[in-house]
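The block underneath contains the structure these notes are about, expressed in structure tokens.
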Amino acid sequence: MKWILVKVRSYQIRRELESLGLLYAFILLVFLCGLVFFVYTAYHQEEKSLYVFSLTILALLWIHFSRTDQQFVYNHIGHPVQNIFAEYFIFTLPVSIPSLFTSYWFYFPLLIVSIYIIANTRISIKRKTRFPHLSKIISSQNFEWLSGLRKNLIQILILWLLAAIFCRIRILPLIFLWFIMLSVISFYQECESLQILLASSSSPKKLLKRKIINHTRFILLIFIPILIVNSIFNQDLILINIIFLLIQITTFIFAVLLKYTTYVPNKSLKGNTILLSIVSIGTLIPFLLPIPLFMCFKNYGKSVKNLKTYFND
């Protein structure tokens, strides 16, 4: 049997690592080591081990139902279930193997069974352009959100409602909001044309300032109601909710800056997915929290420099 998907992913990762450079490759290594250590320590506690296992399953479900190649894989690749199973199994090893060295080792076989069930599920989230009337609510200047919500509004609404329903359950609403942020940062993987870029602002700094300020308001509109209700039910989490909001805003700002650091007119920036995923997952691990802030500082100057080549041209 040919493990086509595993080979494809390995080629993609190798290519992305080569393009990241030594600094980002080192950050990735630190992140992976930190992730393994964090998961290992979490699996020593009953509540945290359940959170890690549940979050892994939710992430796999989100990836599986959102992947755009699902129909192609099932229809044109030999042994599609086995290929998808192998792909998910290998890439979840950093969060599954640590459980084997704890008293909660049984999560490892449970994860294997869950991956097999997911691999056999052929339901996908169709990403058709919908909700044409959104343009009456969201200005065309905020085209990232206009386009992104047309593709992902239903998923975001479901996650937001789940977060609202489970506000009494301490950390669970934050997990749903984190998944919403994963959808939001995907809005910034498509580059606008040069004409739209030049028409949107008079300089790189003004462009970035407008984007960050205006679009952060959308984040606040989505997050604040849930965090307020969650804080009312769990008053000991008020500080955690504030820190969570600040970290997610920082992650969002990084997504904007990364887009314009690598901006090329009309280009799809799917290659930024790995770096965005690293920063996003890093926000769930306490000792990796400085990573988003560090990446923002590092990419602001780069984004301004990259945009100047287009504004000055």
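Index from 1, following the sequence. Note that this is a predicted model, so its numbers are computed, not measured.
Put simply, the side chain of I240 does not reach to within 4.5 Å of the side chain of N234, judged on heavy atoms. Within the 4.5 Å cutoff, side-chain heavy atoms of I249 are placed close to those of L220. Between Y260 and L197, some side-chain heavy-atom pair lies under the 4.5 Å cut-off. Between S96 and T56 there is no side-chain heavy-atom pair separated by less than 4.5 Å. K48 places none of its side-chain heavy atoms less than 4.5 Å from the side chain of Y43. Looking only at side-chain heavy atoms (C-beta outward), I115 and I84 stay at 4.5 Å or farther from each other. Side-chain contact check for P94 versus V39: every heavy-atom pair is 4.5 Å or farther apart. The side-chain heavy atoms of K302 and T262, taken from C-beta on, include no pair separated by under 4.5 Å.
Within the 3.5 Å criterion, the main-chain N or O of N306 finds a donor-acceptor partner in the side chain of T309. No donor-acceptor pair under 3.5 Å is formed between the side chain of N152 and the backbone N or O of S183. No donor-acceptor pair closer than 3.5 Å links the side chain of N230 to the backbone N or O of I226. Between the side chain of S147 and the backbone N or O of F143, no donor-acceptor pair lies under 3.5 Å. Panel note: side chain N83, backbone H79; a donor-acceptor pair is recorded below 3.5 Å. Proximity of a side-chain donor or acceptor of W178 to a complementary backbone N or O of S280 within less than 3.5 Å is detected. The main-chain N or O of L257 is never found under 3.5 Å from a side-chain atom of N299 such that the two would form a donor-acceptor pair.
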Margin query: Applying side chain to side chain contact (heavy atoms under 4.5 Å, CB included) to Q248 and I219, what does each step give before you reach the verdict?
Written below: CA-CA 9 Å; Q248 295 309 311; I219 300 293; 5.6 Å; no
Margin query: Evaluate L55 against F179 for side chain to side chain contact (heavy atoms under 4.5 Å, CB included), listing each step before the verdict.
Written below: CA-CA 10 Å; L55 187 59; F179 277 107; 3.8 Å; yes
Margin query: For L208 and S303: C-alpha separation, side-chain torsions, deciding distance, then whether side chain to side chain contact (heavy atoms under 4.5 Å, CB included) applies.
Written below: CA-CA 9 Å; L208 294 174; S303 59; 3.4 Å; yes
Check: Are I212 and K209 close enough, and set up right, to give a side chain to side chain contact (heavy atoms under 4.5 Å, CB included), and what steps lead you there?
Finding: CA-CA 5 Å; I212 291 171; K209 181 179 178 181; over 6 Å; no
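Between L174 and F244, the shortest heavy-atom contact is O-CZ, 3.3 Å. Minimum interatomic distance between Y104 and E46 (heavy atoms only, all atoms of both residues): OH-CB, 3.1 Å. For V52 against A42, the heavy-atom pair with the smallest separation is CG2-CB, 3.7 Å. Residue F166 comes nearest to P173 through the heavy atom pair O-CG, 3.2 Å, listed as atom of the first residue, atom of the second, then distance. Of all the heavy atoms in T102 and P98, the pair that sits closest is CG2-O, 3.6 Å. Nearest heavy-atom pair across V264 and Y310 is CA-OH, 3.7 Å.
A search for side chain to side chain donor-acceptor pair (under 3.5 Å) contacts involving W160 returns nothing, not counting sequence neighbours. Under the ring-ring contact (aromatic ring centres under 6.0 Å, His included) criterion, Y88 pairs with H64, not counting sequence neighbours. Residues satisfying the ring-ring contact (aromatic ring centres under 6.0 Å, His included) test with F176, not counting sequence neighbours, are none.
A centroid separation of less than 6.0 Å is found between the aromatic rings of F53 and Y107. The aromatic ring centroids of F252 and Y188 lie less than 6.0 Å from each other.
Taking hydrophobic clusters as Ile, Leu, Val, Met, Phe, Trp and Tyr residues chained together by side-chain heavy-atom distances below 4.5 Å, I137 shares a cluster with V184. One hydrophobic cluster holds both Y51 and I97 under the rule that ILVMFWY side chains link at heavy-atom gaps under 4.5 Å. Each of L258 and L293 belongs to its own hydrophobic cluster when Ile, Leu, Val, Met, Phe, Trp and Tyr are linked at side-chain heavy-atom distances under 4.5 angstrom. In the hydrophobic clustering of this structure, I242 does not group with F233; members are Ile, Leu, Val, Met, Phe, Trp, Tyr whose side-chain heavy atoms approach within less than 4.5 Å, directly or through other members. In the hydrophobic clustering of this structure, W105 groups with F89; members are Ile, Leu, Val, Met, Phe, Trp, Tyr whose side-chain heavy atoms approach within less than 4.5 Å, directly or through other members.
Checked for salt-bridge contact, E190 and K267 miss the test: no charged N lies under 4.0 Å from a carboxylate O. By the 4.0 Å N-to-carboxylate-O rule, K259 lies close enough to E192 to be salt-bridged with it.
Under a cut-off of 6.0 angstrom, the local environment of CZ in R168 is sparse, with at most 12 non-hydrogen atoms contributed by other residues, nucleotides or ligands. Residue F106 places its CZ atom among more than 12 non-hydrogen atoms of other residues, nucleotides or ligands, all under 6.0 Å distant. Counting non-hydrogen atoms of other residues, nucleotides and ligands closer than 6.0 Å to CZ of F108 gives a total above 12.
Checked by atom type, the side-chain pair N241/S231 shows a donor-acceptor distance below 3.5 Å.
To the nearest 0.5 Å, atoms CZ (F223) and CE (M181) are separated by 4.0 Å. From L149, atom CG reaches atom CD1 of I154 across 11.5 Å, with rounding to the nearest 0.5 Å. Taken to the nearest 0.5 Å, the CD1 atom of I117 stands 11.0 Å off from the CZ atom of F85. Rounding to the nearest 0.5 Å places CD of Q141 at 12.0 Å from CG of L146. If you take CD on Q235 and CD1 on I238, they are separated by 5.5 Å, rounding to the nearest 0.5 Å. Remark: L227 CG to L177 CG distance equals 5.5 Å, nearest 0.5 Å.
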